[in-house]
4 protein chains.
Amino acid sequence: MSAQTPAKPDVTKEDAILRESVRVFAREGFRGTDVQEIANRAGVGKGTVYRYFGDKQTLFWASAYWVLEQLHGRLASASSPADGAIAKLRASCRAYAEFFVENPDYLEIFVLDRAEFRGRAPERHQELHERMVCEFAEIVEQGMASGELRRGDPRAVVWSLGSALYGSVVFATYSKQQQSITELAECATEIFLRGILS
Amino acid sequence: MSAQTPAKPDVTKEDAILRESVRVFAREGFRGTDVQEIANRAGVGKGTVYRYFGDKQTLFWASAYWVLEQLHGRLASASSPADGAIAKLRASCRAYAEFFVENPDYLEIFVLDRAEFRGRAPERHQELHERMVCEFAEIVEQGMASGELRRGDPRAVVWSLGSALYGSVVFATYSKQQQSITELAECATEIFLRGILS
Amino acid sequence: MSAQTPAKPDVTKEDAILRESVRVFAREGFRGTDVQEIANRAGVGKGTVYRYFGDKQTLFWASAYWVLEQLHGRLASASSPADGAIAKLRASCRAYAEFFVENPDYLEIFVLDRAEFRGRAPERHQELHERMVCEFAEIVEQGMASGELRRGDPRAVVWSLGSALYGSVVFATYSKQQQSITELAECATEIFLRGILS
Amino acid sequence: MSAQTPAKPDVTKEDAILRESVRVFAREGFRGTDVQEIANRAGVGKGTVYRYFGDKQTLFWASAYWVLEQLHGRLASASSPADGAIAKLRASCRAYAEFFVENPDYLEIFVLDRAEFRGRAPERHQELHERMVCEFAEIVEQGMASGELRRGDPRAVVWSLGSALYGSVVFATYSKQQQSITELAECATEIFLRGILS
DNA sequence: AATGAATGAGCATTCATTCAT
DNA sequence: TATGAATGAATGCTCATTCAT
């Protein structure tokens, strides 16, 4: 249609670019990334990257969205088989941590997104984010209904959990003692469930 | 003596540079910041900035350290008058949130530090960070001793709280509904104390 | 493939850059040269200069090599038609002087090369230099064989001649009386051949 | 008198500055030299360097003049005790080579002077240079009168010898085989005396 | 459609020189 | 008189983006 979005996107190429984008952005940061390097790694010309994604920022957002989608899928398939709200939440938390342990680059993408763009991402991102919040709010709501969880604003609970998990994995970099992200996140999860009061 | 680190640092000038550094870095990001702009705002020559701080990265770290010190002072003076571990923690959490509400730039500095340098900051930073962890661990320990808090690894508890608060304030940017950072952090704090289980 | 060394070098452009390089370096010195000026004169963007030559030093070396090649060609075509070792040497000496009289810039390039880099030039230069020494050593050797020249180490003789000529043309700048480079070099050549002893 | 030339020049300080100037200029080149480094090494403030020498270029010229004076003295004391023109010249040539072997920095100063300033040095330099030419021309003249040397223009002979020696020592840098400057200069001297013809 | 050569705005850093103390 | 803090012009090099092929 427009020249910005090729009529017949070659999904293979697009995917290769995206995949390498994530790697390079994660390693070099947004400003530190040379689009040429992404093109080289993806085995395409620099012009092709621009043909597919328009500009560097759009490319970054596409990468970030791609990562967000992966995370969404991962959380969904982790929670759905579990039985009961608590089990679902526990499974999701574990999946969240594992996701970033397996793909440290993805974590950096989230960090960069926050640092560079502060939530000024396109509608699409916010929609997906919102969708995730809703899905978990539903779980929490059911937990409240069934009596597993204390009553309260489900969205607020979800937001707190999300923030705590995000903080755990992002903050883990600062940990000197080699506690794995997984351990840190698990600890956070437990506290999240039971609190620290006696 | 090298001219890099002035023998008689003009504290007024140094402070002006630091203050503007924080503002500009926060707004433009690390790579996006033109040192010239800091110099202009601080009312000094660009050479003076380099004379005082050596290079851009060192300047950033000095800014980040400066912010960290402020936060440390703020948390200390918030918690010390409070009575009992729980009260101390609550007061600290509130102070943490207020600190960033009052100085949104400071939050961005923390975010940039994580994004750009991933904990590769100079020793000094890590020492101060460690000191803060210890101070809070002590509070938690006393809370456990007095029976206010459930028994557990105090450092792990502190780390979880720190991560959760960090996550709350950093993540708040993504919140569409205008929930203030304060509200989000307060909610996180309550859950942190009591958990979500019924 | 890196974009640093263009796959299809545009010889016209490359040559234009090289030609202007020599002029500007000769006039301004190595450090005094602003690559932007070379780009402007060559009618290309600054980025293009860097694309073709990588950095300022490499550009300088390319210029110096280019000059050395010219000199080599000039000496070769001057000596080859002459008959006998002495005639060949005389012709070469004259050509050497004329070369620099016609292209004073080239002389400055040699001077700068010595001043700035002290023989730390890339292999290629040293190889060409060595080749020139060998070619002349051969001439000297034949002169010795034919009895035209006194016996001795041909390479040492060549090196002495080279040094003397180099000294003549470089040193000529200091001459107040407007003796031309040509005259100075010719005088040096004659002494070189016959000595000053009676 | 003027502020440029301090009324009571502290000869010790002046000398220290000059001595370090030579070292630093020789190592770093003219443009590459940071006046601060000279000041540091000389143990004075940067302002003092400027007070004594006015500006960087003047400082360089003073250094070059200082070196030229040393060379002049060395050549004079080498030639005067020798008997006969040839002996005087031989002794001078040897002294010339030894001078630069002992003080490689001095050689670089000469090279830099030629590269950077092309004989645009102040009157004083040219006078001393001229004086040296005259002194040697006298020796040559006497050699011609006594029949030791072939008749010719004594100044031209001196100039040729000077150029050849200069060329020898300067060009020596390019010599791969580790022939010492001394050997190269001696070889040049012999050829200069007897020529290469059989 | 795909490419990659060309461009030039942009920025970190240096250093000669000045001048207030 | 001696100093060294302050300055800002100067310059090497990068890289997002364009566009002719």
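Since we're looking at a predicted model, the values are computed, not measured. In what follows, chains are A, B, ... by sequence order, proteins preceding strands, each numbered from 1. Atoms considered below: every heavy atom in the structure, side chains included; atoms not considered: hydrogens, waters and symmetry mates.
In this structure, C/Glu14 atom CD and E/dA5 atom C1' are separated by 14 Å, rounded to whole Å. We find that NZ of D/Lys13 is positioned 11 Å from P of F/dT1, with the value rounded to whole Å. Counting to the nearest Å, the P atom of F/dT17 and the CD atom of A/Gln57 are 9 Å from each other. Computed from coordinates, the A/Tyr52 OH to E/dT3 P distance equals 9 Å when rounded to whole Å. B/Phe53 has its CZ atom 17 Å from the C1' atom of E/dA12, to the nearest Å.
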Discussion item. Counting Watson-Crick and G-U wobble pairs with both distances under 3.5 Å, what is the dot-bracket string for DNA chain E, 5' to 3', using [ ] for crossing pairs and | for pairs to another strand?
Written reply: .||||||||||||||||||||

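When the side-chain contact (heavy atoms from CB on, under 4.5 Å) test is applied to C/Ala115, the partners found at least two apart in sequence or on another chain are D/Val111, D/Leu112, D/Ala115. C/Gln36 meets the side chain to side chain donor-acceptor pair (under 3.5 Å) test with C/Asn40; sequence neighbours excluded. Legend: residues meeting side-chain contact (heavy atoms from CB on, under 4.5 Å) with B/Glu37, ordered by chain and number and at least two apart, are B/Val24, B/Arg27, B/Glu28, B/Arg41. Not counting sequence neighbours, C/Asp34 has no partner by the side chain to side chain donor-acceptor pair (under 3.5 Å) test. Looking at residues two or more places apart in sequence or on another chain, you find a side chain to side chain donor-acceptor pair (under 3.5 Å) between B/Glu116 and B/Arg31. By the side chain to side chain donor-acceptor pair (under 3.5 Å) test, A/Tyr174 pairs with B/Asp113, sequence neighbours left out. For the ring-ring contact (aromatic ring centres under 6.0 Å, His included) test, residues two or more places apart in sequence or in another chain that qualify with A/Phe60 are A/Phe25, A/Phe30, A/Phe117. When the side-chain contact (heavy atoms from CB on, under 4.5 Å) test is applied to D/Thr58, the partners found at least two apart in sequence or on another chain are D/Asp55. Under the ring-ring contact (aromatic ring centres under 6.0 Å, His included) criterion, C/Tyr65 pairs with C/His125, sequence neighbours left out.
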Item to complete: Would you check, one step at a time, whether the test salt bridge (charged side-chain N to carboxylate O under 4.0 Å, His left out) holds for C/Glu20 with C/Arg23?
Response: CA-CA 5 Å; C/Glu20 298 305 329; C/Arg23 288 183 53 179; 3.7 Å; yes

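Residues A/Lys56 and C/Lys56 both approach DNA chain F. Their nearest nucleotides, taken by heavy-atom distance, put C/Lys56 toward the 5′ side. Between B/Asp55 and C/Val49, the residue anchored closer to the 5' end of DNA chain E is C/Val49, taking for each the nucleotide with the nearest heavy atom.
Between D/Arg51 and F/dT3 there is no side-chain polar atom (N or O) within less than 4.0 angstrom of OP1 or OP2.
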Protein-nucleotides 18-21 of chain E N/O pairs closer than 3.5 Å?
none

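Annotation: proximity of residues 15-44 of chain C to DNA chain E (heavy atom, distance under 4.0 Å) is found for C/Val44, numbered in ascending order.
Counting only distance, with no hydrogens or angles, the side chain of B/Asp10 and the backbone of B/Lys13 share a donor-acceptor pair below 3.5 Å.
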